[in-house]
Chemist: 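Provided herewith is a single structure, encoded as structure tokens, for subsequent inquiry.
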Amino acid sequence: MEMKLKASDILEKEFKTGLRGYNQEEVDMFLDDIIQDYEAFEKQISQLQLENKQLKEELTEVPKRVQQAPQTGATNFDILKRLSHLEKHVFGNKLYE
């Protein structure tokens, strides 16, 4: 979505006055409120765009982390099995008597 106006455009806007024109003070106060809203919206949009970018980067990293993660269940079982085999070999059947 592209915004047509920026806060500075609203601030610098000048209206011509007519014979029975609007109260200039009321228009200025209303425009001040609009400017504050625009600034708040611009800030929120920037924050959300940054957050969106960070979340997209995290999503691209998740598959990489999953692929790099070792299969801990199988690995732990294999280590315990090997350790048991080594104990039997080094200590013989003394441990299991």
Chemist: In Å, rounded to the nearest 0.5 Å, how long is the span from CE of Met29 to CG of Asp33?
Modeler: 8.0 Å
Chemist: Could you go through Asp9 and Lys6, starting from their C-alpha distance and side-chain angles, then the distance that decides it, and tell me whether this counts as side chain to side chain contact (heavy atoms under 4.5 Å, CB included)?
Modeler: CA-CA 5 Å; Asp9 296 332; Lys6 296 179 185 169; 3.7 Å; yes
Chemist: What's the spacing between Ile34 CD1 and Leu11 CG if we round to 0.5 Å?
Modeler: 12.0 Å
Chemist: If you look only at distance, which donor and acceptor atoms sit under 3.5 Å apart when one is on a side chain in residues 37-60 and the other is two or more places apart or in another chain?
Modeler:
residue, atom, partner, partner atom, Å
Ser46, OG, Glu42, O, 3.1
Thr60, OG1, Glu57, O, 2.7

Chemist: Measuring from atom CG of Leu31 to atom CD of Glu14, what distance do you get when rounded to the nearest 0.5 angstrom?
Modeler: 11.5 Å
Chemist: If every non-hydrogen atom of Ile10 is compared with every non-hydrogen atom of Leu5, which pair is closest and at what distance?
Modeler: CG1-CD1, 4.2 Å
Chemist: Hey, could you give me the CD1/CG distance between Ile79 and Leu86, rounded to the nearest 0.5 Å?
Modeler: 11.5 Å
